[in-house]
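We number each residue from 1, following the sequence as shown.
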Amino acid sequence: MGAFKAAAIQMRSGISPERNAVDLERLVREAASQGATYIQSPEMTGALVRDKQARAASFTSEDKDIIVATSRKLAKELGIFLHIGSTAILRADGKLANRALLFGPNGATLATYDKIHMFDVDLDNGESWRESAAYEPGTEAVVTEISGAGIDGARLGFAVCYDLRFPQLFRAEALAGADMLSVPAAFTRQTGEAHWHVLLRARAIENGAFVVAAAQGGLHEDGRETYGHSLIVDPWGRILAEAAHDEPAVIVAEIDPAQSVAARKKIPNLKNARDFAVNGGSAEALPLRGAAS
């Protein structure tokens, strides 16, 4: 295994996929010019659209999507691994998926991941979100190897935004061999200010893994406000790079998978975990979901 440069690009996606594709290309090219061979974009790279009718009119199938087409072209031209943190994809059954896609240096799709956990919440500042009303949740965690373009066998685990609050997903991916975890996001400003940094650092420390988290930031066309502060964190929980604002930006840091191996040797909690029962739970307790088998 050898070190390589990873980048997170921070965006402020609007309602037009075409305009967002132009912004994506500009930022990806900037990241590649800085030597990054793995580049990640945020959740909903293609468009952030709250209006249901406008949203339905904006999104299409994967084979017709402009973000997918732009990403394939860029990955092949620049010889990089390009990870679209997510974009809305129309499935064959007519439902929308909040889908992450990873493209290899030859432009091929190496992996896809549909966001599992839906952000359904009422915030105390009056904001209300019902992601499950628009998107069909995924059912599978995904880990894939990335090799080539100067990257020698790193293993990437997928997640999207609200998944960050479900540590069992990241633990399952770490146990499956992931040494780099991804959390592309469109965190609200309120929740981002409270929890973004601490949760990302916790997921890195708990799993002895790098975490790359490209974020949306600022006031968007559809009226929402996102936190920004894209981060790259090492397996010891140290912040290697941060966009310390909500403006569009590129951050780059070196990823060395050997550091993940070293961190897991120093704190072998993945190996030391034990099964246990819970004594004294209430009848109303929620069932445990997402446990690794």
K.L.:
Within a 6.0 Å radius of atom NZ on Lys64, are there more than 12 heavy atoms belonging to other residues, nucleotides or ligands?
P.N.:
no
K.L.:
Is there a side-chain contact between Leu240 and Glu254 (heavy atoms, below 4.5 Å)?
P.N.:
no
K.L.:
Tell me whether Ile251 shares a hydrophobic cluster with Leu27, the cluster being built from Ile, Leu, Val, Met, Phe, Trp, Tyr side chains joined at under 4.5 Å.
P.N.:
no
K.L.:
Can a salt bridge be assigned to the pair Arg12 and Glu247 using a cut-off of 4.0 Å between side-chain N and carboxylate O?
P.N.:
yes
K.L.:
Please evaluate residues Leu101 and Thr87 with respect to the criterion side chain to side chain contact (heavy atoms under 4.5 Å, CB included), reporting the C-alpha separation (whole Å), side-chain torsions for both, the decisive distance (0.1 Å), and the verdict.
P.N.:
CA-CA 8 Å; Leu101 305 103; Thr87 198; 4.1 Å; yes
K.L.:
Enter the distance from Ile151:CD1 to Glu145:CD here, rounded to the nearest 0.5 Å.
P.N.:
10.5 Å
K.L.:
Please list, chain by chain and in numerical order, all residues satisfying ring pair (Phe, Tyr, Trp, His ring centres under 6.0 Å) with His220, sequence neighbours excluded.
P.N.:
none
K.L.:
Are the side chain of Glu43 and the backbone N or O of Pro184 linked by a donor-acceptor pair below 3.5 Å?
P.N.:
no
K.L.:
Ser61 and Ile89: which non-hydrogen atoms are nearest, and at how many Å?
P.N.:
C-CG2, 4.4 Å
K.L.:
Should Ile205 and Leu169 be regarded as members of a common hydrophobic cluster, given that ILVMFWY residues are connected when their side-chain heavy atoms come within less than 4.5 Å of each other, either directly or indirectly?
P.N.:
no
K.L.:
One pair to check against salt bridge (Lys or Arg N to Asp or Glu O under 4.0 Å): Glu221 and Arg50. What are the steps and the verdict?
P.N.:
CA-CA 10 Å; Glu221 272 186 288; Arg50 292 190 76 169; over 6 Å; no
K.L.:
Is the backbone of Ser41 close enough, under 3.5 Å, to the side chain of Thr45 for a donor and an acceptor to pair up by distance?
P.N.:
no
K.L.:
Please report the shortest heavy-atom distance between Gly208 and Ser260, naming the atom on each side.
P.N.:
O-OG, 2.5 Å
K.L.:
Can you tell me how far apart CZ (Arg238) and CZ (Phe210) are? Round to the nearest 0.5 Å.
P.N.:
9.0 Å
K.L.:
Looking only at the side chains, is there a donor atom on one of Ser86 and Asn98 sitting less than 3.5 Å from an acceptor on the other?
P.N.:
yes
K.L.:
Keeping Thr144 on the side-chain end and Leu156 on the backbone end, is there a donor-acceptor pair under 3.5 Å?
P.N.:
no
K.L.:
Output, in order, the C-alpha distance, side-chain angles, deciding distance and verdict of side chain to side chain contact (heavy atoms under 4.5 Å, CB included) for Leu200 and Val183.
P.N.:
CA-CA 8 Å; Leu200 287 170; Val183 195; 3.8 Å; yes
K.L.:
What's the spacing between Met180 CE and Ile232 CD1 if we round to 0.5 Å?
P.N.:
9.5 Å
K.L.:
State, yes or no, whether a side-chain contact exists between Lys115 and Cys161 at a heavy-atom distance under 4.5 Å.
P.N.:
yes
K.L.:
Nearest 0.5 Å, what's the CD-OH distance between Glu140 and Tyr113?
P.N.:
10.5 Å
K.L.:
Closest heavy-atom contact between Pro105 and Gly79?
P.N.:
CB-C, 3.9 Å
K.L.:
Below 4.5 Å, heavy atoms only, C-beta onward: do Pro248 and Gln10 meet side chain to side chain?
P.N.:
no
K.L.:
State, with a plain yes or no, whether a side-chain heavy atom of Asp93 is found less than 4.5 Å away from one of Glu136.
P.N.:
no
K.L.:
Flag the pair Tyr227 / Asp246 as yes when at least one side-chain heavy-atom distance between them is below 4.5 Å, and no otherwise.
P.N.:
no
K.L.:
Do Glu62 and Arg99 sit within salt-bridge range, that is, some charged N less than 4.0 Å from a carboxylate O?
P.N.:
yes
K.L.:
Evaluate Tyr162 against Met118 for side chain to side chain contact (heavy atoms under 4.5 Å, CB included), listing each step before the verdict.
P.N.:
CA-CA 7 Å; Tyr162 190 50; Met118 299 288 100; 5.7 Å; no
K.L.:
Look at the side chain of Thr37 and the backbone N and O of Ile80, then say whether any donor-acceptor pair between them is shorter than 3.5 Å.
P.N.:
no
K.L.:
Any link between Leu199 and Ile239 through a network of hydrophobic side chains (Ile, Leu, Val, Met, Phe, Trp, Tyr) touching at under 4.5 Å?
P.N.:
yes
K.L.:
Do Gln216 and Thr226 get their side chains close enough for a donor-acceptor pair, meaning under 3.5 Å?
P.N.:
no
K.L.:
Treating Ile, Leu, Val, Met, Phe, Trp and Tyr as nodes and any side-chain heavy-atom pair under 4.5 angstrom as an edge, say whether Trp196 and Val233 lie in one connected cluster.
P.N.:
yes
K.L.:
Going by heavy atoms in the side chains, are Phe4 and Asp152 under 4.5 Å from each other?
P.N.:
no
K.L.:
Between atom CZ of Phe187 and atom OG of Ser230, what is the distance when rounded to the nearest 0.5 Å?
P.N.:
12.5 Å
K.L.:
Would you mind checking if Glu77 and Arg29 are paired as a salt bridge, meaning a charged N to carboxylate O distance below 4.0 Å?
P.N.:
yes
K.L.:
Please check if the side chain of Asn207 supplies one atom and the backbone of Ala209 the other of a donor-acceptor pair under 3.5 Å.
P.N.:
no
K.L.:
Which atom pair, heavy atoms only, marks the closest approach of Val250 to Ile9?
P.N.:
CG2-CG2, 3.9 Å
K.L.:
Under 4.0 Å between a side-chain nitrogen and a carboxylate oxygen: does that hold for Asp179 and Arg264?
P.N.:
no
K.L.:
Test ring-ring contact (aromatic ring centres under 6.0 Å, His included) on Phe170 and Phe166; report intermediate values, then the result.
P.N.:
CA-CA 8 Å; Phe170 299 89; Phe166 299 85; 9.3 Å; no
K.L.:
Closer than 3.5 angstrom, by distance alone: can the side chain of Ser71 be matched with the main-chain N or O of Ile67 as a donor-acceptor pair?
P.N.:
yes
K.L.:
Is a side-chain donor-acceptor pair under 3.5 Å present for Glu131 with His117?
P.N.:
no
K.L.:
Is there side-chain contact between Tyr38 and Ile146, with heavy atoms separated by less than 4.5 Å?
P.N.:
yes
K.L.:
Hydrophobic clusters here meaning ILVMFWY residues chained together by side-chain heavy-atom distances under 4.5 Å, can you tell me if Leu110 and Ile39 are in one?
P.N.:
no
K.L.:
Nearest 0.5 Å, please: how far is CD in Glu25 from CG in Asp23?
P.N.:
10.5 Å
K.L.:
Side chains of His83 and Phe158: does their closest heavy-atom pair fall under 4.5 Å?
P.N.:
yes
K.L.:
Looking at every non-hydrogen atom in both residues, tell me the closest pair between Ala185 and Pro42 and how far apart they are.
P.N.:
O-CB, 3.7 Å
K.L.:
Using the ring-ring contact (aromatic ring centres under 6.0 Å, His included) rule, take His229 and His197 through it: C-alpha gap first, then chi angles, then the decisive distance, then the call.
P.N.:
CA-CA 9 Å; His229 291 263; His197 289 78; 5.5 Å; yes
K.L.:
Mind listing the side-chain donor-acceptor pairs of residues 265-281 below 3.5 Å, one per line with the distance, residues two or more places apart or on another chain?
P.N.:
| from | atom 1 | to | atom 2 | distance (Å) |
| --- | --- | --- | --- | --- |
| Asn269 | ND2 | Glu206 | O | 2.6 |
| Asn272 | ND2 | Pro268 | O | 3.4 |

K.L.:
Any salt bridge between Glu173 and Arg155, counting N to O under 4.0 Å?
P.N.:
no
K.L.:
Measure across Gly2 and Pro257 and return the closest heavy-atom pair with its distance rounded to 0.1 Å.
P.N.:
O-CD, 3.5 Å
K.L.:
When you measure from the side chain of Arg203 to the backbone N and O of Leu164, does any donor-acceptor pair fall under 3.5 Å?
P.N.:
yes
K.L.:
Just by distance, no angles: are the side chains of Thr188 and Gln190 close enough, under 3.5 Å, to form a donor-acceptor pair?
P.N.:
no
K.L.:
Between Asn20 (side chain) and Ser16 (backbone), is there a donor-acceptor pair under 3.5 Å?
P.N.:
yes
K.L.:
May I ask you to check whether Thr109 and Arg72 show a side-chain donor-acceptor distance below 3.5 Å?
P.N.:
yes
